[in-house]
Undergrad: 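Quick one: structure below, then a few questions.
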Number of protein chains: 2
Amino acid sequence: MTGNGDAGAAWRASSVANDLSFLLARSNALSLSAGNAVLRPLGLKVRSYPVLALACDDLRPTQRELADFLRLDPSQVVALIDDLEGRGLVERRTDERDRRSKVLVPTEEGRRVCARAREAVRAAEEAPFTVLDRAEREMLTALLGRLAFPSEG
Amino acid sequence: MTGNGDAGAAWRASSVANDLSFLLARSNALSLSAGNAVLRPLGLKVRSYPVLALACDDLRPTQRELADFLRLDPSQVVALIDDLEGRGLVERRTDERDRRSKVLVPTEEGRRVCARAREAVRAAEEAPFTVLDRAEREMLTALLGRLAFPSEG
DNA sequence: TTCAAATAGTTGACTTTTTCAATGAAATGA
DNA sequence: TCATTTCATTGAAAAAGTCAACTATTTGAA
């Protein structure tokens with residue numbers, strides 16, 4: 001039978017299957033489910049992990065900065081931090097240099113969870129990305145890095 | 001002032017900013033909004049365009065095949081096709097070889113709209129992707145193609 | 001042949017994500 | 001001083017994703 005599932009050669013040759021945007025979307029969907037699966041045991045998601053990770057990098061990010069960097073609506077950042085803070089992984093601190101904004105700092109527990117999450121994510125990237133060898137993966141990372149952050153040459 | 005918006009060098013060097021999964025997500029978000037903006041005048045979205053395009057490639061896809069290929073729940077495919085069919089761009093036809101399934105066929109109007117959409121998408125890929133030159137873009141497309149379709153060596 | 005099991009499309013409920021408008025507190029600049 | 005802007009927050013609404021159930025049809029084994 002031809003009509004099994006993931007489509008045959010004709011599909012791969014189709015117009016959309018060579019659109020960068022389509023490939024990006026599909027690759028992202030793959031990586032998304034793999035990432036969520038790995039983070040679930042830690043109570044994190046692909047959505048919340050970067051928030052915790054950036055806090056743990058001691059960047060003291062404001063919520064506005066997080067929203068910009070993660071391309072999320074500020075209101076979503078509120079919800080994500082509410083969750084992390086409720087679980088005792090991060091704290092909001094009023095920025096004394098601009099009392100309108102709040103910076104995110106990790107708790108000790110937050111650091112521990114983050115370290116494990118980092119490792120989990122690293123491992124998760126192995127699974128869907130093993131079709132590429134190390135050099136190819138680095139090439140892909142470099143190209144996507146320029147795509148994702150066009151501002152800086 | 002430092003706290004402008006899209007983050008500085010420290011952020012780019014952060015742990016997450018070098019995760020393939022994060023870069024994929026962010027690049028996808030960028031390409032998504034660019035794509036939707038371009039397709040809106042045609043009454044299409046990044047979600048519905050591939051459905052129309054695959055129909056117009058004369059692949060006579062069944063809804064199940066579309067769901068697998070586009071990584072959508074079958075029920076979402078129903079909604080997308082309902083919309084396209086309601087606008088007279090495609091038709092459902094019962095597959096005579098398996099009367100459970102229905103294949104998607106484009107109308108003449110569907111083909112016209114699709115041709116314009118194809119061009120719009122091609123043009124849209126210029127905008128966010130101009131940071132990469134042609135060779136880099138082809139490299140990226142090739143790598144993502146292998147990521148998105150791991151099954152076939 | 002007959003009948004149980006599997007599959008395609010559809011519907012509906014439900015959750016999560018996304019998007020947007022409005023608000024109060026604080027900062028900025030004329 | 002005061003209008004304007006920015007930040008975090010709330011709440012509503014639209015869009016997207018997930019899941020279980022149902023009908024019609026096919027398949028395969030008894």
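First the proteins, then the strands, lettered A, B, ... as listed; each starts at 1.
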Undergrad: Mind checking if B:Asp73 touches a base, just sugar-phosphate, or nothing, with heavy atoms under 4.0 Å?
TA: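 The answer is base, as B:Asp73 lies within the cut-off (heavy atoms under 4.0 Å) of a base atom.
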Undergrad: Among D:dA15, D:dC7, D:dG11, which nucleotide sits nearest the side chain of A:Ser75?
TA: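 Looking only at side-chain atoms, A:Ser75 lies closest to D:dG11.
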Undergrad: Side chains of B:Ser75 and B:Asp73: donor-acceptor distance under 3.5 Å anywhere?
TA: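 Per modelled atom types, B:Ser75 and B:Asp73 side chains form a pair under 3.5 Å.
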Undergrad: Between CZ of A:Arg100 and CD of A:Gln63, what distance do you get to the nearest 0.5 Å?
TA: 13.5 Å
Undergrad: In degrees, rounded to 10°, what is the bend between the two ends of the helix from C:dT1-D:dA30 to C:dA30-D:dT1, using five pairs at each?
TA: 20°
Undergrad: Answer yes or no: is there a donor N or O on one side and an acceptor on the other, between the side chain of A:Glu119 and the main chain of A:Arg116, under 3.5 Å?
TA: no
Undergrad: Should side-chain heavy atoms under 4.5 Å link Ile, Leu, Val, Met, Phe, Trp and Tyr, which residues sit in the same cluster as A:Val103?
TA: none
Undergrad: Which part of the nucleic acid does A:Ser101 contact within heavy-atom distance under 4.0 Å: base, sugar-phosphate only, or nothing?
TA: sugar-phosphate
Undergrad: With a 4.0 Å cutoff (strictly under), does any side-chain N or O of B:Arg71 reach OP1 or OP2 of D:dG17?
TA: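 Checking B:Arg71 against D:dG17: no side-chain N or O falls below 4.0 Å of OP1 or OP2.
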Undergrad: Is the backbone N or O of B:Gly88 less than 3.5 Å from a side-chain atom of B:Thr107, with the two atoms forming a donor-acceptor pair by type?
TA: yes
Undergrad: Check the distance between D:dT26's P and B:Asp95's CG and give it to me in whole angstrom.
TA: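 In whole Å, D:dT26 P lies 10 Å from B:Asp95 CG.
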Undergrad: Ring of B:Phe69, cation from B:Arg64 - is the NZ or CZ under 6.0 Å from the centre and inside 45° of the axis?
TA: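 Cation-pi check for B:Arg64 and B:Phe69: fails.
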Undergrad: For B:Arg100 and B:Arg92, take the nucleotide of DNA chain C holding the closest heavy atom to each; which residue's nucleotide lies nearer the 5' end?
TA: B:Arg100
Undergrad: Starting at the 5' end of DNA chain C and moving along, which residue's nearest nucleotide shows up first, B:Gln63 or A:Gln76?
TA: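 Per heavy-atom nearest nucleotide, the more 5' residue is B:Gln63.
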Undergrad: How close or far is atom C1' of C:dT7 from atom CZ of B:Arg97, stated in whole angstroms?
TA: 16 Å
Undergrad: What's the closest nucleotide to the side chain of A:Arg47 if the choices are C:dT18, D:dA16, D:dT9?
TA: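 Ranking C:dT18, D:dA16, D:dT9 by closest atom to the A:Arg47 side chain puts C:dT18 first.
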Undergrad: Of the listed nucleotides (C:dT10, C:dA8, D:dT26), which one gets closest to any side-chain atom of B:Arg99?
TA: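 Closest nucleotide to the B:Arg99 side chain: D:dT26.
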